[in-house]
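Remarks on the structure that follows.
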Amino acid sequence: MSPTTREVQALDSAHYMHPFTDHKSLASKGARVMTRGEGVYVWDSEGNKIFDGMSGLWCVNVGYGRQELVDAAAHQMQVLPYYNSFFQTTNEPATKLAKRIVGLAGDRFSHVFFSSSGSESNDTNVRMVRHYWATLGQPERNVIISRKNAYHGSTICGVSLGGMAGMHAQGGLPVPGIVHIEQPYHFGLAPDQDRDAFGIEAAGWLEEKILEVGPEKVAAFIGEPVQGAGGVIIPPKTYWPEIQRICDKYGILLICDEVICGFGRLGAWFSAEMMGAKPDLITFAKGVTSGYIPLGGVVVGKRVADVLIEQGGEFNHGYTYSGHPVACAVALANLDMIEREGLVDRVREETGPHLAQHFAALSDHPLVAGAETFGMVGGFVLMKDKTCHLAFDPSLDIGMICRDHCFANGLVMRAVGDRMIVAPPLVCTKTDIDEMMKRVRICLDATLKDIQSRGWMDAAHPAG
Ligand code: PMP
């Protein structure tokens, strides 16, 4: 007999330390126990059916319950469950997958370095770009420029590359050699400025930083094409072409972290080129296996690969699970499925525009400001008075209140401060999106009623 919810919760709080969790507060209410998933829905142990508006953690691109991925894993486990790629050995799924991913990334790329996560992949990037410049006789070129409110992972290098103040505050981070510029958040930083002009200005902060550090010391710039965990920050369309121009001007490498954006989420296999950038390295993870099994990596452009392979000697770096045959076999089956179901085109041409229409219509809701989408990600800000851009007092945690109403109404939506974000599975049909947005509106109404009843919409109540 399966254990009761309370029994699982008791084990959970006694022994399981969660990521990004205040355990004392969790123990007081008990974790929600997830039990199964099918399509775009997940169920908890109390039988609640919940629309997964976040695709797990931005990863379950093909939705839940896809037997083909189970079969691919089972078959590979029977044939060869594991072997390493350290000692001049390789395996068939890893080689096939590397070729396939290079093909999706385009002509400028030739190789893939595999890991098991986005964080590890970004650590690989740091090692790789420093080794690249050292091989070229410029070891002093070791500074990597990133952005505030970026998310690049939770390992020491991943956190350091990321620009999350709360993460940096724990453990004396970032590590030396990683510096940050402001993010291209138009709505948050300069809502009254022309959007395209702001994009150029925000990219210009990179050039300012390069000059401050010294161009001869800068190895690379890293950025997510659309910032995910930072709250779905969609840059103006002028931003990435200008970033590329600046990288070219100073000869610095460009790393695009497509851990969220890749594999169809924004309506392209990889999204950087579509946005006007030509990265030398692309970080991937999540959607490559639709989250069914851990896998990540770096797609390596010829500019870097040629130097490392021809002149770099041994690259003293790698993971036990680099090129894991089962993970690679699942990824191949997952990419087959995305291709066969035409999910990338569907997001770009059909479901993405449909989601965008719904988001545009949300502006009639009194709480919602700045709603925007890109492919299958979207975000908006909950505001006390959007007519004068008046935010709520941050200590009220309005985003978390809204998120709780979402769970209570059968919807997973994530809160980043007062920004509410969605990233539904790419298999969503238009009808699924209609259903999700119906729930979004129910949750927004419930949130409004809740905060009105607490008096927090009153002019007298402090704003943030
Ligand atoms: N980069 C980006 C852009 C991400 O969104 C994430 C995870 N949300 C990571 C890196 C880290 O990936 P992981 O949690 O697999 O280490």
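All ligand and atom numbering here is 1-based and tracks the order in the structure. The basis for the numbers below is simple: all heavy atoms, side chains too, and nothing from hydrogens, waters or symmetry mates.
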Among protein heavy atoms, which lies nearest atom 2 (C) of ligand 1, and at what distance?
Y151 O, 3.3 Å
For the residue pair F113 and F315, does the interplanar ring angle fall in the parallel (under 30°), tilted (30 to 60°) or perpendicular (over 60°) class?
perpendicular
Are any of the N/O atoms on E224, whether in the backbone or the side chain, positioned under 3.5 angstrom from an N/O atom of ligand 1?
no
Between ligand 1 and K286, can you find any atom pair, the residue atom being a heavy atom, that is separated by under 4.0 Å?
yes
Below 3.5 Å, N or O to N or O, backbone or side chain included: is there any such pair between E120 and ligand 1?
no
Looking only at distance, does I260 have an N or O less than 3.5 Å from an N or O of ligand 1?
no
Note: E182-K209 ion pair, threshold 4.0 Å (strictly below):
no
What's the verdict on side-chain contact (heavy atoms from CB on, under 4.5 Å) for V232 and I234, showing C-alpha distance, side-chain angles and the deciding distance?
CA-CA 6 Å; V232 179; I234 302 169; 4.1 Å; yes
Are H18 and Y16 an aromatic pair, judged by ring center distance below 6.0 Å?
yes
Numbering the atoms of ligand 1 from 1, which are under 4.0 Å from a heavy atom of D257?
1 (N), 2 (C), 3 (C), 10 (C)
For atom 13 (P) of ligand 1, what's the nearest protein heavy atom and its distance?
G118 N, 3.5 Å
Shortest protein contact, atom 14 (O) of ligand 1 (heavy atom only)
S119 OG, 4.2 Å
The single option from F221, W240, F270 passing side-chain contact (heavy atoms from CB on, under 4.5 Å) against C256:
W240
Over 60° means perpendicular and under 30° means parallel, so tell me whether Y41 and W43 are parallel, tilted or perpendicular.
tilted
Looking at E242 and K237, is there a salt bridge between them, counting it only when a charged N and a carboxylate O are closer than 4.0 Å?
no
Atom indices of ligand 1 within 4.0 angstrom of S117 heavy atoms, with elements
15 (O), 16 (O)
